[in-house]
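To start, the structure under review is shown below, and the notes come after it.
Model, not experiment: these values are computed from the prediction.
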Amino acid sequence: MKIYLVGGAVRDSLLGLSIKDRDWLVVHSTPEIMLKKGYKQVGKDFPVFLHPNTNEEYSLARIEHKCNYGYHGFNTYYSPNITLEEDLSRRDLTINAIAKDQYGKYIDPYNGKRDIKLRILRHVSSSFIEDPLRVLRVARFSASLAHLGFKIDSNTMSLMQNIVHSQELIYLTKERIWKEIEKALMTRNPHVFFMNLKYCNALSFIFPEFNYLYKKFFLLHNKKVNVAEYTLLSLEKISRKTSDIDVRFAVLFKYFSNYFLLHNNSNNKKNNLLVINLFKYLKIPNRFKFLSLIIFKFYSFFSKLHLRSSKDIVFFLNSIRAWKDIIVIKKIICFINIENYKYSKKSGYFYRPDIFLKNIISITENITIKSIKSNNLYGIQIKNELDRLRILAIEKWRSSL
């Protein structure tokens, strides 16, 4: 029985990155031996064992054979006769197929250390095409390692395109797709994830609504600009300033109302329903939905915030529950700040909309039900009175500017 450190822990140590989780591979062993040594077995399809002291995962060496469609369409075989090299051969990228033994020696049959030096994301073998999930995983690795200069090997990209062409992506569950998107949004350069999905033609399946924006253009400083590319540029800029993945994801929706959906008043409910259906399709958790829907509905509203009436501003703040959920308003202020909206008075003095909105919240946050002295107000009357007082407070503050 031999034990090796494998996968991301080996890769990240070679890159000088912090190690989050350690995965261990056990060769020449059986479930019975593992249980006798005190390991706890977990997993239904394949026995994985938890170390009795560290609780880290130990897996028996195994091989896989494609038997059906999708990333679940494999038969898995484990045996004490399966070698370390055979187990490593089933992995996706060479940089993930390096093992390290108890003496600190690296076992690298597929030249992963070489590809780390070359900053290349390269597939281990032609069996790469058997698992459609690898399209998303490689795109995510390209995003997480882009700051170190990693690029996807051209042959690997060709295999990713072949997977897309085979239509095996349809067998990926929406929950698994979202999990990869969420992980990509946590990286330093999430825009790279979407760019590579576009390059291998997977974006039209993974996120067809955003892919549609590649057909749309607008004029910026008398230059024709692609909407999708400009949105990803915004995502890149936002990711440099905030690690909040709610805000990062929401930026993808800022041009939807202008270039994808109808946006006249009579179709507002229809527009909202289309976006909500998109959220359902992608199985997006609720925490991401609310902010993205706000950006979709009010993106153009932010750009001329100073020109909006105090009544409209109060209506907007009511609609996003600003006085009840301070976290949401902080995220919106963060988004506006990163967008670098600007407007000016005739005097030429420039205001920042994020500061403008923050000030409005500050001067109205103490106007609550408790602050209404009269006891003769009920139901809608209370709301109307709160709105009236907040509008008055905003008007008073604006007149002093």
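- If you check the side chains of W323 and T364, you find a donor sitting under 3.5 Å from an acceptor.
- Ring centers of W397 and F356: under 6.0 Å apart, within the cut-off.
- Aromatic ring pairs are classed by plane angle as parallel below 30°, tilted from 30° to 60° and perpendicular above 60°; the pair F298 and F302 is tilted.
- Ring-plane geometry between F249 and W178 is classed as perpendicular, the angle between the planes exceeding 60 degrees on a 0 to 90 degree scale with a lower cut at 30.
- F253 has its ring centre no less than 6.0 Å from the ring centre of F288.
- A 4.5 Å side-chain heavy-atom check between P190 and L235 finds at least one atom pair inside the cut-off.
- R62 CZ: more than 12 foreign heavy atoms inside a 6.0 Å radius.
- Between Y230 and F218, the ring planes are perpendicular. Angles over 60° get that label, and only those under 30° would be called parallel.
- Listed by chain and number, the residues in a ring pair (Phe, Tyr, Trp, His ring centres under 6.0 Å) with F150 amount to none (sequence neighbours excluded).
- Relative to the ring axis of F290, R321 places its NZ or CZ within 45° and under 6.0 Å from the centre.
- Geometrically, K198 engages Y214 in a cation-pi contact, judged by NZ or CZ lying under 6.0 Å from the ring centre and within 45° of the ring axis.
- Of the listed residues (V6, N111, L14, D115), just one forms a side chain to side chain contact (heavy atoms under 4.5 Å, CB included) with I98, and that residue is L14.
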